[in-house]
Amino acid sequence: MILNFFPCLIRYSIFTPLPLFFKHQNLLPLSCSINFIKPISSSSSISAKTIQVPLFLKPPIYSTTILELKKFQNWAKSLSLSIGLKFLNLDNGPESNLLCRELNWLLEDVVEGEEDNPTGFLTLGCSENERLVRMRVEMEELYDLWKQRIEERRPFQYIVGCEHWRDLVLSVQEGVLIPRPETELIVDMVEELILKDKEMKQQGVWVDLGTGSGALAIGIGRLLGNEGRVIATDLSPIAASVAAFNVQRYNLQDVVEIRMGSWFEPLDEFKGKIVGLVSNPPYIPSGDIAGLQAEVVRHEPKLALDGGADGLDDLLNICKGAASFLKPGGFFIFETNGAKQSKYLVNFLNIQMEGSFQYVNSVSDFAGIHRFVTGFRK
Amino acid sequence: MQSRGGLLVFLWRRNGIIQKCFHHHHHYPLSSTTPKSSCFSSCNNLFNLRSYSTSGAAEMNPQLSNDLIKIMENRLSAIEHRNIYLQNFMNQPEASPSEYSRANKELRKIRSSMELITQLRAKQKEIDGLKSLIAECPEDKDMHDMAVEELDEAIEEENRIHNLLLKSLLPKDDADERDCILEVRAGTGGEEASLFAMEIFRMYERYSHKQGWKFEVVDVMESDLKGFKEASGAISGSGSFGRLKFESGTHRVQRVPLTEKAGRVHTSAVTVAILPQADEVDVQLRNEDLKIDTYRSGGSGGQHANTTNSAVRMTHIPTGLTVAIQDERSQHMNKAKALKVICAKLYELERSRLHTSRSKLRSEQIGSGDRSGRIRTYNFPQGRVTDHRVGITHHSIDDVMQGENLDVFIDALLLKQEMDAIASFGVDE
C-alpha cells in the first residue's frame with residue numbers, strides 16, 4: 001500500500017530504478033492478472049514507487065452519497081462549460097464538450113458502478129440521493145483532480161492514470177508520453193503484414209524503439225502471441241518502469257522484454273537479426289515546442305517530443321541503425337511529423353542510403369497527414 | 001375439429017378479421033402481471049407454427065383447410081418432380097461441374113421437405129389401406145373398431161406432417177437469428193421528442209436485459225436537456241433481430257412535456273430502426289471501399305496534440321453511407337463500432353433491395369411493405385400504449401416503458417407475420 005502514503009499530487013519525484021532491475025524477469029512483483037485490483041504491496045522494490053496505479057485499478061475504499069457526486073458533477077460540468085472555445089482558440093486545446101465527455105469518463109473510473117452503465121445512478125431521482133456509492137478516491141481529491149484538469153491543463157490521461165489505446169488500457173503518468181490515436185495505425189499495419197507473411201511472425205525479433213508506455217510493443221506482442229519476441233527500449237527509467245508495468249498487466253512478460261538505453265544501444269546482439277522495427281521517436285522541431293498545446297508542453301516529457309532543430313535527429317539516427325540491425329527482408333515503420341519529414345525521409349532512405357532499402361513509402365493517418373514511413377531492408 | 005378448422009381458414013384468409021379478433025380480445029383485461037393473457041396464449045397454441053416443431057402425442061395441430069391442402073399438394077408434387085429430375089440429372093455423366101454443384105445445392109435445399117413428403121406419402125398409403133380395410137370388413141366389430149382407431153391416429157399424424165410441411169414452405173427470413181442494431185432518432189417535437197427518444201432507447205435496453213441479451217450503447221447524440229437526438233445500440237442474443245424487427249417505424253408520444261408551461265398535451269414522434277447485424281463477409285466489404293477519417297479541426301496531430309477525441313467517420317464509398325462514432329475511449333474502438341454499423345446498414349440496403357424486387361407484388365397486395373409508418377402510440381395521460389398494426393392496447397404504460405410488457409405486442413406481431421405468410425401462401429408462386 002505504499003502508494004497510498006504518497007499524496008496523488010506529488011508525482012514528479014522520480015526515483016531512478018536500479019539498472020539491474022531490467023535485466024531480471026519478474027521485474028515488478030505485481031499480480032499478473034489483467035484485472036488486478038490490489039496496488040503494489042509494501043514489499044515492492046524501490047522502483048515500484050515510481051509507478052502510479054491508474055484510478056480504475058485502485059480499491060474502492062472510500063464512499064460518498066449520490067447527492068455529493070451529483071454536486072461534484074454539476075460543479076465540474078459548469079467549470080467545463082465556462083471554458084467554451086477558449087482553449088481551442090488559444091492553442092488547439094479541448095473545448096467544453098470534450099471536457100464534459102472526459103468528466104463522464106473520470107466518474108466511470110473512480111466510482112464503483114454497474115459494469116454496463118457505471119454512472120447510471122447519476123440519472124436517478126432525488127429519492128436515491130442518500131444512497132452510498134463506493135469510490136476509488138476521496139471527494140476532496142476528486143475536486144482537486146478536476147481543478148488540475150481545467151486550471152493547470154493537466155492531461156486527462158494523467159488525471160486518471162491511463163490511456164485507452166486500441167483495445168488496451170495502458171497505465172500512463174508524468175514522465176511518459178501519452179500514446180496518440182494516430183500511432184494505433186502502426187499496429188494495424190503490422191497486423192496486416194504478418195497476416196500476409198507468416199515468416200514475419202515467426203522468424204525473428206521485433207523491436208520497438210523508444211517505447212514510452214509500451215503501447216506499440218504490447219500491441220505487437222499480442223499479435224505475435226506466445227511464440228513471438230519483442231524487445232522494447234527506452235532511455236527514460238520512468239518510461240521503462242511504466243512499460244514493464246503495462247507488459248505485466250497484459251501478462252506478456254514472456255513475450256515483451258524492456259531494456260533501458262538509447263535507441264539501438266541495448267540491442268547489440270541483434271545486429272542483422274531484427275525482422276520488424278517500429279518507432280514513434282520524438283520528431284517535433286525544437287522551435288515548435290514552446291507553442292504546443294498546454295497539455296503537451298507543460299506536462300508531457302520533452303525527451304519524448306523534441307527531435308532537434310528540424311525534428312529529424314532521432315529519426316535519421318534510427319534510419320541509419322535500421323540498415324545494420326534489420327535482417328534482409330525485415331520491415332520498418334516510423335511515425336513522423338507529417339508530409340515534410342516523410343518526404344525527406346523517403347528521399348533519404350532511397351538516395352542517401354541507396355541499396356539498403358526497398359518499397360519505401362509514406363502512409364497517411366486518418367486525418368490525411370503523411371504520418372508514417374515504411375519500407376523493407378533489401 | 002371441423003369447426004376449429006373452419007375458424008382457422010376464416011382467420012387466415014382475412015387479415016381484417018384477425019384484427020377484429022384481437023380487438024375483441026383486448027376487451028379482456030390484459031393484466032400487467034400476465035403479459036400473455038388469455039387470448040394470446042390460446043392463439044399461440046392454435047396458430048403459432050413455431051411450437052409445432054416440438055411435436056408430441058399431446059400436442060394439437062390445427063386442421064388445415066382443404067383449400068390450403070390443395071395448394072400445398074400442388075407444391076409438394078412439384079417438389080417431388082423436381083427431386084426426381086435433379087436425381088436423374090446428377091446421374092448423367094455429361095453434367096458440367098458447375099451444373100452438378102448447382103443441382104447438388106438445390107437438392108440439399110429441398111432435402112428436409114423431401115424427407116417430410118416421404119413420411120407423408122407413407123402415412124397416406126397407410127390411411128388408404130385402413131380405409132379399404134374398414135370398407136371390406138364391416139361385420140367384424142373388433143377389427144372394425146381397431147381400424148377406425150388406427151385411422152384416426154394416422155389422420156392426426158398426416159395432419160401433423162402437413163403442418164410441418166406448411167412451416168417449411170413458408171418464406172423464412174434468414175436474418176431472424178441474427179443480432180441487431182437499434183437506432184432511435186428524435187422526430188418532430190424538438191426537445192420533448194429527444195427526451196422520449198431517450199426513454200424508448202432505455203426501454204429496449206431494459207427489454208434486452210430481461211431477454212438475457214447483451215446491450216451495448218454504440219453512440220449517443222445528446223440534446224440540451226439530456227435527451228437523445230440520436231442513439232444507437234448493438235444487441236446481441238439469439239434471435240434478437242427476429243423478435244425486434246417489427247419495432248421499426250414511427251413511435252408517437254402524447255403527453256405534457258416537461259418543457260410545457262401551460263400544461264397542454266403535445267404529440268411528438270421518434271423513429272426506431274432495427275437492422276440485422278452483419279459482418280464484412282456478409283456484405284462483401286472490401287477494404288478499398290472504405291474511407292476513414294477523423295473529423296477534427298486542423299492542427300498537426302501526432303505528438304503535437306494531446307486529445308481524448310478519437311472520433312472517426314467511416315464512409316462506404318460506393319454507396320456514400322457514412323457513420324461517425326465518437327463515444328469510445330480509443331480510436332480503434334470507435335472504428336470497430338463504426339464498422340459494425342456500416343455493415344448492418346449495407347446488409348439492410350441489400351435486403352430491402354431484394355425484398356422490393358422479390359415481393360413487390362405481395363407487398364402491394366397485403367400491405368406489408370411499409371416499414372416507416374406510424375406503428376405505435378404511447379399516450380401518457382391515458383396510461384396506454386396502442387399498436388396500430390395489430391390494434392392492441394396495453395393499459396399499463398409504465399410497465400411497457402420498463403421493458404416489461406413489450407412481449408404483448410411482439411408476440412402478436414410475430415403471429416400476424418405468420419398469418420400473413422399463410423394468407424399469401426400460394427399467391428406469390
Side-chain angles (χ1 to χ4, degrees), chain A residues 88 92-95 97-102 104-105 108 116-117 123 153 155-158 162-169 177-185 187-188 192 219 280 282-284 288 291-296 299-300 304-305 307 311 335-338 365-369 371, chain B residues 195 198-199 201-202 205-206 208-209 213-217 219-222 224-228 233-236 287 290-315 324-339:
Chain A
L88 186 72
N92 218 14
E95 36 92 33
N97 280 342
L98 194 54
L99 291 168
C100 289
R101 199 150 72 205
E102 290 179 2
N104 285 340
W105 290 337
E108 272 177 32
D116 275 359
N117 191 5
T123 55
R153 304 276 305 270
F156 174 74
Q157 299 90 337
Y158 289 158
C162 71
E163 158 77 339
H164 290 233
W165 190 85
R166 286 181 67 84
D167 52 348
L168 308 170
V169 183
L177 184 81
I178 297 160
R180 307 294 202 247
E182 287 89 343
T183 313
E184 287 184 353
L185 277 177
V187 183
D188 288 346
E192 215 171 290
N280 176 20
Y283 52 64
I284 298 182
D288 294 354
L292 293 177
Q293 188 194 338
E295 278 81 0
V296 182
H299 300 273
E300 291 197 280
L305 299 166
E335 187 170 320
T336 77
N337 199 29
D365 61 19
F366 290 150
I369 295 173
R371 180 66 62 199
Chain B
L195 285 170
M198 190 248 309
E199 289 165 53
F201 191 75
R202 295 284 173 226
E205 183 173 4
R206 291 186 196 105
S208 300
H209 287 311
W213 298 334
K214 190 171 159 238
F215 188 98
E216 195 190 350
V217 178
D219 201 38
V220 170
M221 199 195 290
E222 280 194 353
D224 295 341
L225 289 179
K226 284 245 156 203
F228 293 172
I235 302 175
S236 341
N287 261 347
L290 284 183
K291 179 173 158 261
I292 300 168
D293 66 317
T294 56
Y295 44 104
R296 288 190 273 284
S297 60
S300 310
Q303 291 167 8
H304 286 262
N306 170 289
T307 178
T308 50
N309 179 1
S310 61
V312 295
R313 178 169 52 199
M314 198 177 268
T315 308
I325 302 284
Q326 58 176 12
D327 274 354
E328 288 290 318
R329 281 168 80 163
S330 87
Q331 179 174 275
H332 184 80
M333 303 302 255
N334 278 326
K335 212 174 89 188
K337 274 194 172 174
L339 184 64

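Chain letters run A, B, ... following the sequence lines, proteins first, then strands; residues in each count from 1. The figures that follow rest on heavy atoms only: side chains count, while hydrogens, waters and symmetry mates do not.
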Relative to chain A, which segment of [X] carries a heavy atom at a distance below 4.5 Å: side chain, backbone, both, or neither?
X	value
Glu328(B)	backbone
Asn334(B)	neither
Lys335(B)	side chain

> Taking C-beta and beyond as the side chain, do Gln303(B) and Asn337(A) meet within less than 4.5 Å on heavy atoms?
Replying inline: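 When only atoms from C-beta onward are counted, Asn337(A) and Gln303(B) do not touch, as no gap falls below 4.5 Å.
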
> Do Arg101(A) and Asn309(B) touch side chain to side chain, with heavy atoms closer than 4.5 Å?
Replying inline: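 Yes, side chains in contact.
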
Going from [atom1] on [X] to [atom2] on [Y], what distance comes out if it is rounded to the nearest 0.5 angstrom?
X	Y	atom1	atom2	value
Thr308(B)	Glu295(A)	OG1	CD	9.0 Å
Arg329(B)	Cys162(A)	CZ	SG	5.0 Å
Glu192(A)	Asn287(B)	CD	CG	6.5 Å
Thr307(B)	Ile178(A)	OG1	CD1	10.5 Å

Can you say whether [X] sits under 4.5 Å from chain B via the side chain, the backbone, both, or neither, judging by heavy atoms?
X	value
Ile284(A)	both
Arg371(A)	side chain
Asn104(A)	neither
Trp105(A)	both

> Where the side chain of Ser330(B) meets the backbone of Trp165(A), is there a donor-acceptor pair that is under 3.5 Å apart?
Replying inline: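 Pair absent, no side-chain N/O of Ser330(B) close to backbone of Trp165(A).
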
>> So, using salt bridge (Lys or Arg N to Asp or Glu O under 4.0 Å) as the criterion, who are the partners of Glu300(A) when residues are at least two apart?
In response: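 Salt bridge (Lys or Arg N to Asp or Glu O under 4.0 Å) list for Glu300(A), sorted by chain: Arg180(A).
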
